[in-house]
Amino acid sequence: MGTLLLLVAASLCFASGQHRELMDYLERRLQAIEDRISVWHEQSNRYATELREFKQLMTALTENLEQGREALHVDLEAVGTRVDRVEREMDYMETQNPAPPCVDVDDKLVEQEVTSIKEKNKAKYNKLSDCRDMISSFKAMKILKRVGGPKGVWMKDTASMLGKVYIFNGTGEDTLYEFSSMRDLAGSEGLTHGRLIKLPFAWGGMGHTIYNGYAYYVTEGKEFQLIKYDLQNCSVADSAVFPAEELVPVYSLSPETYVDLAADGEGLWALYATRDSGRNICLAKMDPGTLDMEQTWDTPCPRENAEAGFVICGTVYVVYNSKLPSRSRVQCVFDINDMVTSEEAPLVYFPKRYSTHSSLKYNPLEKLIYAWDDGYQILYKMVMKKKLEV
Ligand SMILES: *[C@@H]1O[C@H](CO)[C@@H](O)[C@H](O)[C@H]1NC(C)=O
Ligand SMILES: *[C@@H]1O[C@H](CO)[C@@H](O)[C@H](O)[C@H]1NC(C)=O
């Protein structure tokens with residue numbers, strides 16, 4: 001019995017010794033883990049601090065970069081404007097000092113007068129029957145002349161191959177200038193060398209058009225009178241109150257124009273806006289004989305920041321810019337047949353970097369846009385493509 005007790009006591013003693021060893025071991029392990037955790041803590045704190053410092057550094061750097069970029073941008077804008085001025089002057093000087101014996105390519109582009117009457121009619125017939133053209137891009141531009149003030153309109157009769165060029169200088173005048181051809185205008189010393197046509201009423205804005213031997217324009221008084229003026233025998237052929245109420249300027253960047261008339265291969269159109277139409281531009285198909293409105297559409301094109309517009313084959317193209325002249329661009333398109341939408345139409349930028357178009361008149365027979373840019377008379381040659389069938 002005595003030996004048994006001794007044995008139990010000894011084995012207990014042994015067990016408790018083993019237990020202590022285990023405890024010590026575990027404690028050492030825990031200590032090691034704690035040490036490592038505290039090292040990680042330290043490291044991650046250090047990383048966080050470093051990251052914060054790095055972020056601060058980057059912010060400072062980006063701010064500096066941004067400032068530099070802005071300064072550069074301002075410089076570039078200034079240089080761009082100057083380059084543009086010089087370019088325009090050079091283009092203009094070139095047209096002032098032409099090499100007389102040979103016709104340059106651009107002049108060919110301009111003087112497209114077709115000789116045979118048969119061909120003319122065929123071209124016209126094709127236009128009317130297959131009017132599916134839409135703008136794809138710009139092909140070329142030519143600065144033809146610098147006559148008149150900052151705002152005006154110049155164009156040919158959009159339904160005639162005769163080649164006479166008309167100039168409406170200013171936004172509220174009554175003297176129209178007619179030149180027998182593009183060459184005649186290019187070589188003239190100034191406006192007064194053209195044929196003077198004194199209109200019975202002053203025009204308002206820059207929305208006039210010449211179509212089929214008539215000048216169509218709007219006078220601005222208490223109400224807006226639409227005048228149809230016969231250019232052959234110099235008499236008013238017809239006049240009517242423009243059939244829309246409470247007109248507001250149709251393009252916010254050309255506030256003188258309340259009604260913009262356009263003639264394409266399909267007839268006479270009017271772009272206008274009323275207090276009712278809100279932010280957007282309206283389109284009307286006009287009867288060139290009676291001056292009645294045949295049909296109207298509300299386009300999705302806003303007036304805000306629009307400078308001018310034109311119509312090709314039943315599609316309205318509205319050209320936008322900014323208050324400080326930047327690059328003009330066709331940014332809203334409306335097709336009366338829903339064959340083209342703004343989303344599908346290419347965003348077409350005008351070739352010059354800085355411009356302010358007071359008017360843009362499309363000539364369907366030549367596929368040229370006649371633009372008036374700060375007193376310069378510019379021609380834009382377009383690349384056209386066919387609208388897709390629906
Ligand atoms: C053209 O219009 C401007 C104002 O826009 C005027 O200063 C200038 O005298 C006009 N030129 C002619 C030839 O009428
Ligand atoms: C002018 O032409 C129109 C037709 O366009 C004609 O009705 C009018 O009698 C003509 N006026 C003159 C004075 O010849």
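Remember, it's 1-based here, ligands and their atoms both numbered in the order they're listed.
The side-chain hydrogen bond (donor to acceptor under 3.5 Å, both in side chains) test with D264 is passed by exactly one of Y362, Y211, W269: W269.
The proximity of F168 to ligand 1, defined as any non-hydrogen pair under 4.0 Å, does not occur for either the backbone or the side chain.
Listed for the W203 side chain is a donor-acceptor partner under 3.5 Å among the backbone atoms of G170.
Within a 4.0 Å radius of atom 11 (N) of ligand 1, the protein has at least one heavy atom. Not a single protein heavy atom sits closer than 4.0 Å to atom 7 (O) of ligand 1.
D338 and K387 are not joined by a salt bridge, as no carboxylate oxygen comes within less than 4.0 angstrom of a charged side-chain nitrogen.
In this structure, F310 and Y317 have parallel ring planes: the angle between them is below the 30° cut-off, well short of the 60° mark.
Checked against a 3.5 angstrom limit, the closest N/O atoms of K151 and ligand 1 fall outside it.
Closest protein heavy atom to atom 9 (O) of ligand 1: N169 ND2, 4.7 Å. G149 CA, 4.2 Å is the protein heavy atom nearest to atom 4 (C) of ligand 1.
Within the 4.5 Å cutoff, no side-chain heavy atoms of H208 are placed close to those of M155.
Ligand-side atoms of ligand 1 in range of L191: 12 (C), 13 (C), range being under 4.0 angstrom from any heavy atom. Atoms of ligand 1 lying under 4.0 Å from any heavy atom of Y177, numbered from 1 in the order shown and given with element: 14 (O).
Of the N and O atoms on the side chains of T299 and N280, not one donor lies less than 3.5 Å from an acceptor on the other residue.
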